[in-house]
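To keep things clear, I will list the structure first and then write my remarks on it.
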Amino acid sequence: MPPRRKLSDLDRGRAIGWLQDGVAARQVAQRLAVAPSVIIRLKQRFHATGRVQERQRSGRPRVTTQGEDRFI
């Protein structure tokens, strides 16, 4: 399975703009090289909250990278 690609804030804003201009979610997904479900969830979140930024995550922030963890 390929690694997940996170959308930047700029890409999220572009996606919402395209959706508001009437571009289909599948076409937006193709333009950004992500799955259509990513765009649909983004659209739902935007309509619910009015924001496109990532949500705060719970939990302690990482101190080491995954690469550094391999050597520990």
Side-chain angles (χ1 to χ4, degrees):
M1 178 182 293
R4 289 180 176 225
R5 179 177 169 265
K6 284 191 168 192
L7 290 177
S8 67
D9 288 338
L10 179 64
D11 286 340
R12 287 190 204 103
R14 284 182 182 161
I16 293 298
W18 286 330
L19 291 169
Q20 289 176 340
D21 287 343
V23 179
R26 283 186 184 273
Q27 290 176 336
V28 173
Q30 285 178 335
R31 290 179 185 183
L32 296 175
V34 295
S37 61
V38 172
I39 303 302
I40 292 168
R41 282 195 320 264
L42 176 65
K43 182 180 175 183
Q44 290 170 346
R45 187 178 338 135
F46 179 74
H47 285 297
T49 66
R51 301 178 60 194
V52 295
Q53 287 83 20
E54 289 236 349
R55 295 174 286 155
Q56 287 270 335
R57 304 285 190 224
S58 63
R60 185 175 180 166
R62 290 187 66 98
V63 176
T64 60
T65 65
Q66 289 178 352
E68 292 171 338
D69 288 346
R70 285 188 217 125
F71 295 109
I72 294 177

Which heavy atom in [X] sits nearest to a heavy atom in [Y], and how many Å separate them?
X	Y	answer
V23	Q27	CG1-OE1, 3.4 Å
V52	R12	O-CD, 2.8 Å
A15	V28	CB-CG1, 3.7 Å

*Please lay out, stage by stage, how R51 and F46 fare under the test side-chain contact (heavy atoms from CB on, under 4.5 Å).*
CA-CA 5 Å; R51 301 178 60 194; F46 179 74; 5.9 Å; no
*Pairwise distance NE2(H47) to CG(L42) - rounded to 0.5 angstrom*: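 The CG atom of L42 is 9.5 Å from NE2 of H47, to the nearest 0.5 Å.
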_Set of side chain to side chain donor-acceptor pair (under 3.5 Å) partners for R45, sequence neighbours left out_ =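 With neighbours one apart ignored, the set is empty.
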*What pairs with R14 under salt bridge (Lys or Arg N to Asp or Glu O under 4.0 Å), at least two apart in sequence or on another chain?*
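Scan of R14 (salt bridge (Lys or Arg N to Asp or Glu O under 4.0 Å), adjacent residues dropped) gives D11.
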*Begin from the C-alpha positions of L32 and W18 and carry the test side-chain contact (heavy atoms from CB on, under 4.5 Å) through to its verdict.*
CA-CA 11 Å; L32 296 175; W18 286 330; 3.9 Å; yes
*Within a radius of less than 6.0 Å around CZ of R26, do more than 12 heavy atoms belonging to other residues, nucleotides or ligands occur?*
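It does not: R26 CZ has 12 such atoms or fewer within range.
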*Might you confirm whether atom CD of Q66 has over 12 heavy atoms from other residues, nucleotides or ligands at distances under 6.0 Å?*
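Not buried by this count: 12 neighbours or fewer within 6.0 Å.
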*Give a yes or no on whether the backbone of T65 and the side-chain of E68 come within a donor-acceptor separation of less than 3.5 Å.*
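Present.
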*According to a 4.5 Å side-chain heavy-atom criterion applied to Ile, Leu, Val, Met, Phe, Trp and Tyr, with indirect links allowed, do L19 and I40 form part of one hydrophobic cluster?*
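Shared cluster, no.
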